[in-house]
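So you know, we letter chains A, B, ... as the sequences are listed, proteins then strands, and number each from 1.
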Amino acid sequence: MLDLKFVRENPELIREALRKRRAQFDLDELLELDEKRRALLVQADDLRALRNRVSDEIARMKKEKKDISGVVKEMKEVSEKIKGLEGELSVVEERIRELMLSLPNVPHESVPEGEDEEDNVVVRTWGEPREFSFEPRDHVEIGEKLGILDFERAAKIAGARFVLFRGAGALLERALINFMLDLHTREHGYEEYLPPFMANRDSFIGTGQLPKFEEDLFRVADTDFYLVPTAEVPVTNIVRGEILREEDLPLKMTAYTPCFRKEAGSYGRDVRGMIRQHQFDKVELVKITTPETSWEELESLTRDAEEVLKRLGLPYRVVTLCTGDLGFSAAKTYDIEVWLPSQGRYREISSCSNFTDFQARRAMIRYRPEGTKKVRYCHTLNGSGLAVGRTVVAILENYQQEDGSVIIPEALRPYMGGVERIAG
RNA sequence: GGAGAGAUGGCCGAGUCUGGCUGAAGGCAACCGCCUGCUAAGCGGUUGAACGGGUAAAACCGUUCCGAGGGUUCGAAUCCCUCUCUCUCCGCCA
């Protein structure tokens with residue numbers, strides 16, 4: 001959520017931001033309602049001030065045994081008037097809130113303008129895609145041949161867009177989770193959490209998934225719970241409604257969770273294999289920082305995520321999302337894309353964003369700068385570090401051998417009980 | 001699932017029966033002074049948030065906030081209703 005006062009005072013800046021994002025939003029309605037709200041507020045406040053004054057007066061008169069019936073009658077009318085104004089006010093405020101919750105964040109000035117992912121800008125590239133002496137297979141073929149991925153039975157159990165890991169496949173998934181968590185906690189200074197995998201509505205509003213993106217979420221029937229689509233939701237909301245101490249910032253948190261997504265509107269996209277699943281594992285990185293440090297923290301967070309790929313020896317590149325591709329809550333996002341030989345291109349495996357104070361304002365995450373009384377909103381950031389399922393895909397495809405076996409990257413072997421190769 | 005207790009400021013904790021100068025006693029913590037070889041102790045002071053008005057910016061003024069939402073009343077932390085959460089005991093259970 002943006003600051004309404006800021007919107008009021010900088011309407012052209014907001015209009016420009018919306019244009020760059022290619023976003024639809026009725027800014028004029030918001031500005032009109034805001035004006036109406038303030039007019040109503042002044043009226044109501046004045047009447048309440050009157051009532052408060054006279055109420056004190058009544059208390060005094062009562063003590064002095066004076067007749068109060070006249071004033072009481074008058075105040076009864078004032079109270080009725082206040083009630084009427086409050087009714088009008090709550091209608092206006094509810095609509096303002098609706099609008100504010102669906103107004104996207106302002107892109108950072110360094111974000112390139114563009115329509116869609118075609119206009120994203122490559123920042124850097126690491127590693128060389130391997131030259132194959134044979135036609136590289138995709139992860140579905142590799143995994144099924146090795147008996148470690150089973151899509152057919154997963155479909156029987158649950159349906160499309162699920163996978164069943166088996167044997168070395170299950171071990172590989174688990175090893176990656178542990179490897180990533182260890183790297184981030186032991187070397188990158190993050191604290192590990194293991195949060196609930198379901199969260200309530202307020203949490204989802206806090207990080208911006210609700211109310212706008214309900215159709216992407218699984219809701220648990222007859223409850224107020226939604227399955228988390230990313231650990232960003234439960235982890236960022238750990239400090240929802242809190243005023244933090246500056247000396248405790250930045251908070252650096254990491255968590256493994258499964259992620260549940262409906263993938264509504266992606267019918268026909270990535271239908272094969274485990275690129276796009278209703279359930280996948282992810283290790284997430286979350287930072288809560290001061291406004292002064294958030295941009296450098298975005299850089300280091302991205303590097304922390306990249307480090308996973310470096311250690312695994314997987315070629316990747318980093319792109320800056322253009323304004324048209326930028327997520328609703330983000331001010332700037334780097335996607336990390338890993339090389340997939342079967343597709344001959346880079347595919348997203350991590351998304352690292354600075355949300356500035358957008359989520360913090362929704363979730364009321366604030367801090368008190370040292371030596372001052374005024375509280376300020378924190379900046380929140382997060383990034384995948386990494387999407388585990390897609391990492392499995394990348395390992396299977398990049399490390400496949402002509403005989404169908406797969407070499408395990410060295411860094412991962414301690415987590416695999418020393419296994420160096422998965423063979424059929 | 002059954003029975004009971006509770007939810008007040010950064011924290012602890014009064015106030016609720018008996019509605020009104022209580023943004024909220026007292027304590028702790030933090031900050032600023034003083035004192036002091038240093039530290040501790042001691043003394044004095046300061047310290048909530050949101051919104052609106054106001055200002056160059058402050059100061060300042062008003063309103064709202066005692067888990068959430070309704071109601072009663074001239075007036076609600078205090079009375080009534082609904083909900084949420086926490087704790088204790090019983091039952092069931094991984």
For the residue pair A/H184 and A/Y190, does the interplanar ring angle fall in the parallel (under 30°), tilted (30 to 60°) or perpendicular (over 60°) class?
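Taking A/Y190 first and then A/H184, their aromatic rings stand perpendicular (interplane angle over 60°).
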
On the 0 to 90° scale, with breaks at 30° and 60°, tag the A/F204-A/Y226 ring pair as parallel, tilted or perpendicular.
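If you compare the ring of A/F204 with that of A/Y226, the planes turn out tilted.
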
Check the surroundings of atom CZ in A/R8: do more than 12 heavy atoms from other residues, nucleotides or ligands lie under 6.0 Å from it?
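Buried by this count: over 12 neighbours within 6.0 Å.
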
Atom pairs, protein N/O to nucleotides 61-64 of chain B N/O, distance under 3.5 Å:
{"unit_1": "B/rG62", "atom_1": "N2", "unit_2": "A/D45", "atom_2": "OD2", "d": "3.3"}
{"unit_1": "B/rU63", "atom_1": "OP1", "unit_2": "A/N52", "atom_2": "ND2", "d": "3.2"}
{"unit_1": "B/rU63", "atom_1": "O2'", "unit_2": "A/D45", "atom_2": "OD1", "d": "2.9"}
{"unit_1": "B/rU63", "atom_1": "O2'", "unit_2": "A/R48", "atom_2": "NE", "d": "3.0"}
{"unit_1": "B/rU63", "atom_1": "O2'", "unit_2": "A/R48", "atom_2": "NH2", "d": "3.4"}
{"unit_1": "B/rU64", "atom_1": "OP2", "unit_2": "A/N52", "atom_2": "ND2", "d": "3.3"}

Please list, for nucleotides 85-87 of chain B, all pairs of protein and nucleotide N/O atoms separated by less than 3.5 Å.
none

Figure out the [atom1]/[atom2] separation between [X] and [N], and round it to whole Å.
X      : N      : atom1 : atom2 : result
A/N200 : B/rC83 : CG    : C1'   : 15 Å
A/E80  : B/rG71 : CD    : C1'   : 13 Å
A/Y367 : B/rA30 : OH    : C1'   : 18 Å
A/R38  : B/rG52 : CZ    : P     : 7 Å
A/E9   : B/rG54 : CD    : P     : 12 Å
A/E77  : B/rU73 : CD    : P     : 15 Å
A/E93  : B/rG69 : CD    : P     : 12 Å
A/R376 : B/rA50 : CZ    : P     : 13 Å

Please compare A/M364 and A/K83 by the position of their nearest nucleotide in RNA chain B and report the one closer to 5'.
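So the residue in question is A/M364.
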
Mapping A/V71 and A/D34 onto RNA chain B by nearest heavy atom, which one lands closer to the 5' end?
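Looking at RNA chain B, the more 5' nearest nucleotide goes with A/D34.
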
With 3.5 Å as the limit, what N/O pairs link the protein to nucleotides 18-25 of chain B?
{"unit_1": "B/rG20", "atom_1": "O6", "unit_2": "A/K62", "atom_2": "NZ", "d": "2.8"}
{"unit_1": "B/rG20", "atom_1": "N2", "unit_2": "A/S55", "atom_2": "O", "d": "3.1"}

Roughly how many Å apart are [M] and [N], using the [atom1] atom of each and rounding to a whole number?
N      : M      : atom1 : result
B/rG48 : B/rC31 : P     : 16 Å
B/rG26 : B/rU88 : C1'   : 28 Å
B/rC81 : B/rU72 : C1'   : 11 Å
B/rG23 : B/rU64 : C1'   : 11 Å
B/rA30 : B/rC87 : P     : 29 Å
B/rU73 : B/rA14 : P     : 33 Å
B/rG69 : B/rG9  : P     : 15 Å
B/rU18 : B/rU78 : P     : 14 Å

Could you check if a side-chain atom of A/I275 sits within less than 4.5 angstrom of a side-chain atom of A/R390, using non-hydrogen atoms only?
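Yes, at least one pair of side-chain atoms sits under 4.5 Å.
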
Looking at residues at least two apart in the chain, or sitting in another chain, which of them share a ring pair (Phe, Tyr, Trp, His ring centres under 6.0 Å) with A/H278?
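Partners of A/H278 by the ring pair (Phe, Tyr, Trp, His ring centres under 6.0 Å) criterion, ordered by chain and then number, come out as A/F162, A/F218.
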
Give a yes-or-no answer on whether the side chains of [X] and [Y] include a donor-acceptor pair shorter than 3.5 Å.
X      : Y      : answer
A/E263 : A/Q277 : no
A/R137 : A/S342 : no
A/T323 : A/R21  : no
A/N105 : A/S329 : no
A/Y367 : A/E242 : no

Below 4.0 Å: OP1/OP2 of [N] and any side-chain N or O of [X]:
X      : N      : value
A/R366 : B/rA49 : no
A/R37  : B/rG52 : yes
A/S79  : B/rG75 : yes

How is the base pairing of RNA chain B summarised as a dot-bracket string, given the Watson-Crick and G-U wobble criteria with both distances under 3.5 Å, [ ] for crossing and | for another strand?
((((((((.[[[..)....(.....]]]((((((.......))))))((((((......)))))).[[[[[..)....]]]]])))))))....

Salt bridge check, [Y] against [X]: does any charged N sit closer than 4.0 Å to a carboxylate O?
X      : Y      : answer
A/K145 : A/E141 : yes
A/E109 : A/K332 : no
A/E113 : A/R19  : yes

Measure from the side chain of A/K76, starting at C-beta and using heavy atoms only, and say which of B/rG52, B/rC74, B/rA49 lies closest.
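Looking only at side-chain atoms, A/K76 lies closest to B/rC74.
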
What about A/H379 and A/W295, are their ring centers closer than 6.0 Å?
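No: the rings miss the under 6.0 Å criterion.
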
Under the side-chain hydrogen bond (donor to acceptor under 3.5 Å, both in side chains) test, which residues partner A/R95, sequence neighbours left out?
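Scan of A/R95 (side-chain hydrogen bond (donor to acceptor under 3.5 Å, both in side chains), adjacent residues dropped) gives A/E29, A/E98.
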
Distance-only, no hydrogens or angles: does the A/R37 side chain make a donor-acceptor pair with backbone N or O of A/V92 under 3.5 Å?
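Checked: no pair found.
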
Reckon A/R361 touches a base, only the sugar-phosphate, or nothing at all at heavy-atom distances under 4.0 Å?
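The answer is nothing, as A/R361 stays clear of every strand by at least 4.0 Å.
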
